[in-house]
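The structure appears right after this line, and notes come after that.
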Amino acid sequence: MNLLVDNGRHPRALLALENGMHFFGRSVGAEGETFGEIVFNTSMVGYQEIVSDPSYAGQIVTLTYPQVGNYGINEKDMQADRLHLAGLVVHDACYTPSNWQSVTSLPEFLAERGVVAIEDVDTRALTLAIREGGAMRAAISTVDLDPESLVERVRQSPAIAEHNYVADVSCENPYVIPGKDVDGCPRLSVVAYDCGEKAGIAKRLSAAGCEVTVVPWDTPVADVLAQEPDGVFFSNGPGDPESVPSVAEAVRACLGKVPVFGICLGNQVISMAAGAQIEKLPYGHHGGNEPVMNLLTGKVEITAQNHNYGPVFSTFGPLVPELSDGVSEHPADEDLRFWSSRHIAPVVRNERYGRIRLTHVNLNDGTPEGIQFLDVPAFSMQYHPEAKPGPNDSTYAFAAFAKLMRGEDDYLAIDVREGRRF
């Protein structure tokens with residue numbers, strides 16, 4: 001805990017957690033106070049894409065890399081027009097960035113956009129607290145500097161699951177992103193449900209040859225299907241997927257009628273449509289260095305992730321032994337590295353949609369990272385393959401969606417070296 005005095009330039013600030021921990025620091029954004037669920041992100045670069053990711057709505061983001069803001073803020077890396085995160089915590093913020101594209105510093109950017117943030121915090125201690133105690137409610141304040149008072153107010157604040165943040169971050173009106181020509185193939189029409197879609201995702205779809213019509217999260221599915229698209233996409237987004245049951249219903253109405261692809265929250269609502277259970281992970285996956293194995297190729301991808309929720313694979317249905325290397329029972333501990341160690345992509349029998357295959361597994365904790373429907377054209381991934389920010393290992397997912405819409409077989413069995421750059 002660091003007891004700082006105001007240096008006349010940056011007001012003192014206080015970070016308080018619901019478990020009673022608190023950290024004094026300095027304001028590095030807008031003055032005031034903010035409440036939200038605190039998480040940590042382990043990315044070493046890409047802070048602009050992180051703070052502009054709509055999936056962070058309702059969350060206070062701790063960046064574990066010690067110095068943040070060195071290359072400033074530019075105009076092209078924004079993932080949304082507005083900032084939706086609840087707040088930001090860093091150890092050391094850079095006020096004099098050095099980069100030819102920079103138009104302002106991170107602290108100035110946060111202050112101009114009204115984001116309350118704090119620096120000079122021991123982010124190592126804070127990250128350990130989140131890892132041990134899980135994602136929890138927190139607050140940053142430049143107004144209430146009494147730790148006991150702010151901790152008690154945090155404990156009285158609502159949980160993130162109590163609010164539909166998707167409605168806050170989705171677009172208000174549809175808009176179109178033209179598709180690009182790819183290898184002489186005709187352009188594909190895709191309708192994308194905006195549940196908090198990052199700009200980089202729509203750009204990747206466009207680069208894969210898709211003309212993308214982005215629609216608000218609550219668009220009636222009848223209006224979407226009336227456009228006769230080649231495929232429907234369900235985007236990433238913030239909060240608890242249980243807060244948007246209508247999106248899962250939209251998925252259910254699309255499955256079997258049109259090819260479907262989902263990312264992050266999209267993976268969760270597709271899983272819900274199939275009747276699977278969703279669990280909240282202890283502290284989620286947030287960063288650009290999560291190892292994931294593609295069980296169809298045996299290749300390991302380093303992935304970018306941002307989610308606190310995910311499906312429980314065993315709840316999709318019972319295993320089909322003849323398609324799961326003879327295994328008839330799910331691993332008792334739900335650790336899916338059981339399958340990655342064997343390079344087996346197991347298949348279950350789902351009551352609603354027939355056979356569903358596990359395609360990707362997180363090698364850090366054994367959680368599911370991707371599924372593929374074998375009897376209807378659909379697949380989804382829990383991580384962010386567009387690499388904004390993050391590595392490019394998984395960008396083949398957009399080419400895979402295009403292949404699915406064109407009716408090609410083995411559309412997901414793509415080597416990670418393919419499709420990295422469009």
Side-chain angles (χ1 to χ4, degrees), residues 1-43 47-48 50-53 56-70 72-73 82-97 104-131 133-160 283 286:
M1 185 173 62
N2 188 7
L3 296 176
L4 291 173
V5 296
D6 183 0
N7 62 7
R9 180 181 176 192
H10 303 290
R12 292 178 73 204
L14 174 64
L15 167 66
L17 280 59
E18 67 174 291
N19 68 352
M21 291 185 70
H22 61 275
F23 300 82
F24 280 98
R26 293 178 297 192
S27 172
V28 70
E31 296 184 37
E33 59 185 20
T34 185
F35 292 77
E37 180 181 69
I38 193 161
V39 297
F40 63 86
N41 186 299
T42 58
S43 296
Y47 53 82
Q48 181 175 344
I50 292 168
V51 300
S52 60
D53 181 352
Y56 279 119
Q59 293 185 317
I60 296 172
V61 182
T62 302
L63 298 180
T64 61
Y65 193 73
Q67 188 172 65
V68 180
N70 302 57
I73 297 293
R82 295 184 294 120
L83 302 190
H84 297 282
L85 78 167
L88 186 68
V89 181
V90 300
H91 175 67
D92 180 25
C94 177
Y95 293 84
T96 55
T104 188
S105 69
L106 177 62
E108 291 171 336
F109 177 68
L110 295 172
E112 290 169 358
R113 300 297 181 105
V115 176
V116 179
I118 184 172
E119 74 167 330
D120 211 16
V121 168
D122 185 347
T123 51
R124 294 172 299 178
L126 176 57
T127 298
L128 287 173
I130 299 170
R131 281 184 60 91
M136 64 190 87
R137 291 170 293 176
I140 304 171
S141 181
T142 63
V143 178
D144 185 352
L145 299 179
D146 180 347
E148 290 187 7
S149 170
L150 193 57
V151 167
E152 182 57 31
R153 292 173 63 207
V154 167
R155 291 171 176 168
Q156 298 300 318
S157 66
I160 194 169
Y283 47 83
H286 309 276

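Side chain of T64 to main chain of N41: a donor-acceptor pair is present (N/O by atom type, distance under 3.5 Å, no hydrogens or angles). Between the side chain of R137 and the backbone N or O of S157 there is at least one donor-acceptor pair closer than 3.5 Å. Judged by distance alone, the side chain of T104 and the main-chain N or O of I73 form no donor-acceptor pair under 3.5 Å. The backbone N or O of V121 lies less than 3.5 Å from a partner atom in the side chain of H91, making a donor-acceptor pair. The closest donor-acceptor contact from the side chain of Y47 to the backbone of L106 lies at 3.5 Å or more, if one exists at all. No side-chain donor-acceptor contact under 3.5 Å links T123 to the backbone of V90.
With sequence neighbours left out, E108 forms a salt bridge (Lys or Arg N to Asp or Glu O under 4.0 Å) with no residue at all. Considering only residues two or more places apart in sequence or on other chains, Y283 meets the ring-ring contact (aromatic ring centres under 6.0 Å, His included) condition with F40. Under the rule for a salt bridge (Lys or Arg N to Asp or Glu O under 4.0 Å), the partners of D144 that lie at least two apart in sequence or sit in another chain are R153.
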Query - Working for side-chain contact (heavy atoms from CB on, under 4.5 Å), residues V154 and F35 - result: CA-CA 7 Å; V154 167; F35 292 77; 4.0 Å; yes
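The closest side-chain donor-acceptor pair between Y95 and E119 falls under 3.5 angstrom.
Taken to the nearest 0.5 Å, the CG atom of L63 stands 10.0 Å off from the OG1 atom of T42. In this structure, the separation between CG on L15 and CD1 on I60 is 6.5 Å, given to the nearest 0.5 Å. In this structure, CE on M21 lies 9.5 Å from CD1 on I38, to the nearest 0.5 angstrom. Considering CG of L145 and CG of L150, their distance stands at 8.5 Å, rounded to 0.5 Å. Put simply, OG1 on T142 and CZ on R26 are 14.5 Å apart, with the number rounded to the nearest 0.5 Å.
Looking at L85, V51, L83 one by one, the single match for side chain to side chain contact (heavy atoms under 4.5 Å, CB included) with R113 turns out to be L83.
Using a cutoff of 4.0 Å between basic side-chain nitrogens and carboxylate oxygens, E18 and R155 are not scored as salt-bridged.
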